[in-house]
Amino acid sequence: MTVNVSMNALRDSKSISVSDTTVTIKGWVQDIRNLGGISFLILRDRFGTIQVTMPKKKIEPELFDSLTTLSRESVISITGEVKASNQTELGLEVIPSSFESYSDAFVPLPMGVIDKVNVEMDTRLNNRFMDLRKPEIRAVFELKSIMTGLLNEIMTANGFVNVFTPKIVDSGAEGGASLFKVDYFGKQAYLAQSPQLYKQMLMSTGLDRVYEIAPAFRAEHSNTNRHVTEFVSFDGEMSWISSQSDVMNMIENIVNKLLIGLKEKGKEQLSILGKDINVPEIPYPVLTYSECLRMLASEGMHLKEGDDLGTEGEKLIGDLMSKKGYELYWISEYPEVEKPFYIMEKEGTSYSFSFDLDFKGQEISSGGQREHRYEKLVERMKKKGLDPDNFASYLDAFRYGMPPHGGWGIGIERMLVKMLDLPNVREAILFPRDLSRLSP
Ligand code: AMO
């Protein structure tokens, strides 16, 4: 009897009595080694490899020739007998009796899957389908999937409703410079930079805790290792807060549960990557923006009140915090000029009720308490040079009863790369979009 078995089931020897069973396994030809009297074919699927052993004398010559001349990465199925083996890591090998080719791979390959050469990021991204055949590349995306699954569980447990807001919009919330224009049946529309305006409008409906995990679009003109033009934003918004601390506490709890969950559910992927996840204690330390300026000045970096901390500033703060043993920390109370119109001002000061969550010297999230009072919100818009008429439907939601509220946006990919110490946000995006990349 032939058992049509997945390679994973075969690897899990409990599900099949190993020796002398005839099986059919399917996968990619990872490598072929011809050693004269014996040849080996390494067949790979999503979960790993199995050795197909071909002693020349015991295999039909025609079959031997066909198998040993296959091109690397061709997709085939092999039927053969399973034998116990002390030469392979799995303790078993397959002796083939027939095979079927589904798809012959062209030669040469655009890049290797197992070759130990450093391939340029651009070559990898141009051939992403191939790059993703490497288990350590795929593991990042499996972790990303586990991450969003966990977030759905955690948010539901906290009473948040999963919402889906429009991605084609008539106004932006995060500044005109990074808006992508769309021709919407002759009208000017944009790709959503964030669900900001909609998640706030929902606060006036009675859905007092909402979250969304969805793409966000930014026409970023800078080519950096942390900016892309399309990323996944994990947004939350909650009503009835007393201060921004309520939001910060919520985020800490979510991130803490997420890290614990990933450590457990992502064990296999983390082991492929040779990484572990550190779970910092909560609460995370809070630095005010002004404190950060003083810390930077003590290191010889002199910024003026109101200046952006910038990549270098953030990095330096990260180094200083790391010396104190902190990976995750808050930077709060930014100058109001630095923050968008929807953020609440700290009255009588030039600061605002805003925060960033920084992870190893890089911002992964920002948020704050929102201005929920209609007149003040309009005032803030005007102060920022925005025309309230362009935000009419958003503002309507503030005219007929709006609870105090606050929220956040976390960049899923930025968080993932910081967690895994990967060098570039693109490592966590299957098909990244940036200044120069629109394909594949
Ligand atoms: P902000 O603009 O700071 O805030 O974005 C929130 C988070 O999204 C991620 N992010 C990016 N990731 C990759 N490439 C980019 N170009 C990019 N831009 C942003 C970052 C960032 O911290 N509406 C507010 C959030 C809020 O107040 O609720 C907002 O979008 O991790």
Side-chain angles (χ1 to χ4, degrees), residues 144 147 160 163 165 167 169 171-180 190-203 209-239 241 244 246-248 250-251 254-255 308-311 314 328-332 334 336 338-344 352-372 380 394 405-419 422 424-429 432-435 437:
K144 192 172 176 179
M147 190 171 170
F160 282 77
V163 297
T165 63
K167 301 302 157 212
V169 296
S171 51
E174 318 296 338
S178 69
L179 276 171
F180 274 117
Y190 307 96
L191 295 181
Q193 295 164 307
S194 125
Q196 184 64 36
L197 304 184
Y198 291 95
K199 62 180 182 167
Q200 282 195 263
M201 286 161 76
L202 288 170
M203 293 301 100
R209 287 185 172 195
V210 301
Y211 79 101
E212 180 167 10
I213 302 172
F217 305 91
R218 307 271 171 108
E220 299 282 359
H221 296 275
S222 46
N223 210 347
T224 75
N225 65 4
R226 60 189 204 155
H227 287 101
V228 279
T229 53
E230 182 175 344
F231 64 96
V232 176
S233 188
F234 161 45
D235 278 83
E237 201 69 24
M238 53 195 273
S239 286
I241 62 169
Q244 62 170 357
D246 291 346
V247 184
M248 291 158 82
M250 178 60 75
I251 299 174
I254 294 165
V255 170
D308 184 9
L309 296 181
T311 312
E314 276 179 29
L328 276 162
Y329 46 90
W330 300 101
I331 302 179
S332 74
Y334 279 84
E336 65 82 14
E338 277 266 315
K339 288 290 168 180
F341 68 83
Y342 50 77
I343 288 285
M344 186 184 270
S352 64
F353 290 120
S354 57
F355 55 76
D356 281 1
L357 180 62
D358 279 35
F359 196 0
K360 300 177 190 169
Q362 191 176 109
E363 174 208 316
I364 59 158
S365 174
S366 48
Q369 176 158 13
R370 319 304 188 183
E371 183 49 77
H372 63 279
R380 239 183 105 61
Y394 165 73
H405 63 278
W408 71 87
I410 292 183
I412 288 284
E413 292 92 357
R414 277 204 196 166
M415 179 160 186
L416 194 55
V417 297
K418 279 290 154 183
M419 213 156 56
L422 299 173
N424 194 316
V425 71
R426 290 163 185 76
E427 294 287 358
I429 303 176
R433 292 285 173 266
D434 60 30
L435 202 54
R437 186 171 286 281

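Both ligands and their constituent atoms are indexed starting at 1 by order of listing.
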E427 meets the salt bridge (charged side-chain N to carboxylate O under 4.0 Å, His left out) criterion, sequence neighbours left out, with R124
Minimal heavy-atom distance between I331 and D358, with the atoms involved, is CD1-OD2, 3.7 Å
F353 meets the ring-ring contact (aromatic ring centres under 6.0 Å, His included) criterion, sequence neighbours left out, with none
Sorted by chain and residue number, the side-chain contact (heavy atoms from CB on, under 4.5 Å) partners of L191 (sequence neighbours excluded) come out as F180, V182, F217
At a 4.0 angstrom heavy-atom cut-off, ligand 1 is contacted by E174, S194, Q196, K199, R218, E220, R226, H227, V228, F231, Y342, E363, I364, S365, S366, G367, R370, G407, W408, G409, G411, R414
Between I343 and G368 the two heavy atoms that sit nearest each other are CD1-CA, 3.9 Å
In short, M147 meets L416 closest at the heavy-atom pair SD-CD1, 3.8 Å
